[in-house]
Student: 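A single structure is presented below for examination.
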Amino acid sequence: MDIGTKIKNARLAAGLTQEQAAGVLGVSRQTVSNWENGKTYPDIISVVKMSDLYHVTLDHLLKEESPVTEYLEYLEESTDTVKSKRNVGKLIIIATYLVIYAIAMILFWCVADGSDAMGYYLIVIGLVLPVTTFVLSILIGINDYWGRWKWLSAVIFGIMYTLAEYATFKLANTIAFGDFNLPNLTLWFVGAIISLAGLGIGTLVRNIRKKRMKCTNP
C-alpha cells in the first residue's frame, strides 16, 4: 500500500473531508488531493501533523505491511535539502555582516577625513553596525541557527563591535600620534547586549510560532 492510499484511508477513517484536513494542516485542498493520489509527497512535518489529526501512528502511515521505500528516500532527500538551506542561511548571515563591516572599514580609511569623523562615528558605529547586529541576531534566533550555541554569537558580535572602533579611530590615533590605546571594552558589552536582545526577540517569535502550530493542530 503506497503512502497516498494510507493517508487517504486514515483521513476517511477520521471522518474528515479534504477541505477540513487541508484547513488544519495549513495547505490547500489540492495539495491534500495530490498527496492522496500519489502525485506529490508530503513533507515530514505534514506527516507528523496528519498522524495527530487522523489519530494514527507514524508507523501506521510510514511502515505498516512493508516500508515505503520511495517515500523514505524522498524524506531523506528533503532532510538534506533542509540542511542545505539552513547552511546557506547561516552563510548569508555571516557574509552580510562581514560585507557591511568591510564597507564600514573601507569608508573610514579611504573616504572619510578628519572633518567627517563625528558623522562617521554617529552613522556607522552608532547606527549601522548596531542595527545590523540586532537584525541579524533576530534572524539567528527565529531560525535557531547553531541551536543552543547561537547565544555565543552575542560574544562574537560584541568583539566585532569593539574592533570596529579600535580598527578605525584608535588605530588612526596611534598612527598619527604614536599613542597606544587599549580597546574600549564598554563597546563589547554594548554589542553583546544588542545581540542578546535580538536573539531573545527572535527566539520568542520562534516559540510563539511553535505554540500557534500546536494550537492549530491540538
Side-chain angles (χ1 to χ4, degrees), residues 3 7 25-28 31-32 34-35 39-52 58-59 61-63 67-107 124 127-164 167 187-214 216-217:
I3 182 69
I7 290 173
L25 296 172
V27 298
S28 67
T31 297
V32 174
N34 288 340
W35 290 344
K39 293 181 180 179
T40 59
Y41 287 129
D43 57 85
I44 188 60
I45 295 177
S46 296
V47 174
V48 173
K49 287 183 178 180
M50 283 187 281
S51 172
D52 292 336
L58 287 174
D59 278 352
L61 290 177
L62 299 179
K63 295 181 180 179
V68 191
T69 304
E70 187 177 351
Y71 180 62
L72 294 179
E73 291 176 352
Y74 165 79
L75 288 181
E76 183 177 357
E77 292 175 358
S78 297
T79 302
D80 290 340
T81 300
V82 171
K83 288 181 179 178
S84 296
K85 288 182 179 179
R86 286 183 63 81
N87 288 335
V88 170
K90 294 175 185 177
L91 289 175
I92 290 175
I93 292 287
I94 295 172
T96 299
Y97 186 80
L98 291 179
V99 167
I100 293 175
Y101 198 89
I103 291 174
M105 298 299 102
I106 292 172
L107 286 176
V124 177
L127 181 62
V128 174
L129 290 182
V131 169
T132 300
T133 296
F134 184 68
V135 172
L136 294 183
S137 295
I138 290 177
L139 293 176
I140 292 172
I142 289 176
N143 294 284
D144 197 32
Y145 290 143
W146 297 286
R148 69 182 64 179
W149 298 104
K150 65 179 177 288
W151 300 102
L152 288 179
S153 61
V155 176
I156 298 173
F157 278 122
I159 292 173
M160 295 299 288
Y161 190 52
T162 303
L163 291 178
L187 291 178
W188 180 87
F189 286 103
V190 173
I193 290 172
I194 291 172
S195 178
L196 285 173
L199 289 169
I201 291 173
T203 302
L204 178 62
V205 171
R206 179 181 177 84
N207 291 336
I208 291 174
R209 287 180 177 177
K210 290 172 67 175
K211 288 182 179 179
R212 285 181 178 175
M213 288 179 63
K214 289 181 179 179
T216 304
N217 185 26

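Computation of the quantities below employed the complete heavy-atom set of this structure, encompassing side-chain atoms and omitting hydrogens, waters and symmetry-equivalent molecules. Quick caveat, the model's predicted, so the values are computed rather than measured.
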Student: Measuring from Ile140:CD1 to Thr133:OG1, what's the distance to the nearest 0.5 Å?
Tutor: 9.5 Å
Student: Could you state the interatomic distance from CD1 (Ile100) to CG (Leu136), rounded to the nearest 0.5 Å?
Tutor: 6.5 Å
Student: What's the verdict on side-chain contact (heavy atoms from CB on, under 4.5 Å) for Ile3 and Trp35, showing C-alpha distance, side-chain angles and the deciding distance?
Tutor: CA-CA 8 Å; Ile3 182 69; Trp35 290 344; over 6 Å; no
Student: Please enumerate all residues that pass side chain to side chain donor-acceptor pair (under 3.5 Å) together with Ser51, with sequence neighbours excluded.
Tutor: none
Student: Taking NZ in Lys90 as the centre, count heavy atoms belonging to other residues, nucleotides or ligands within less than 6.0 Å. Is the count above 12?
Tutor: yes
Student: For residues 195-206, tabulate all N or O donor-acceptor pairs below 3.5 Å that involve a side-chain atom, not counting sequence neighbours.
Tutor:
residue	atom	partner	partner atom	Å
Ser195	OG	Ser137	OG	2.9
Thr203	OG1	Leu199	O	2.8
Arg206	NH1	Ile142	O	3.1

Student: What residues form a side-chain contact (heavy atoms from CB on, under 4.5 Å) with Ile94, not counting sequence neighbours?
Tutor: Leu98, Trp146
Student: State, to 0.1 Å, how close Arg86 and Asn143 come at their nearest heavy-atom pair, and which atoms those are.
Tutor: NH1-O, 2.8 Å
Student: Only counting residues at least two apart or in another chain, list the ones meeting side chain to side chain donor-acceptor pair (under 3.5 Å) with Asn207.
Tutor: none
Student: Applying side chain to side chain donor-acceptor pair (under 3.5 Å), name anything that partners Asn34, two or more places apart in sequence or on another chain.
Tutor: Gln30
Student: Any side-chain heavy atom of Ile194 within less than 4.5 Å of one from Pro130?
Tutor: yes
Student: Return the set of residues passing side chain to side chain donor-acceptor pair (under 3.5 Å) with Thr31 (not counting sequence neighbours), or none when no residue passes.
Tutor: Ser28
Student: Considering only heavy atoms from C-beta outward, does the side chain of Thr132 approach that of Tyr101 to under 4.5 Å?
Tutor: no
Student: Using a 3.5 Å cut-off and no angle test, enumerate the donor-acceptor pairs between side-chain atoms of residues 151-160 and protein atoms at least two apart in sequence or in another chain.
Tutor:
residue	atom	partner	partner atom	Å
Ser153	OG	Lys150	O	2.5

Student: Can you name the residues that form a side-chain contact (heavy atoms from CB on, under 4.5 Å) with Ala104, not counting sequence neighbours?
Tutor: Tyr120, Val124
Student: Going from NZ on Lys85 to CD1 on Ile92, what distance comes out if it is rounded to the nearest 0.5 angstrom?
Tutor: 12.0 Å
Student: Could you list the residues that satisfy side-chain contact (heavy atoms from CB on, under 4.5 Å) with Ile103, not counting sequence neighbours?
Tutor: Val99, Leu107
Student: Could you check if a side-chain atom of Ile93 sits within less than 4.5 angstrom of a side-chain atom of Tyr145, using non-hydrogen atoms only?
Tutor: yes
Student: Do Ser46 and Asp43 pass the side chain to side chain donor-acceptor pair (under 3.5 Å) test, and can you show the C-alpha distance, the side-chain angles, and the key distance before you say yes or no?
Tutor: CA-CA 5 Å; Ser46 296; Asp43 57 85; 3.1 Å; yes
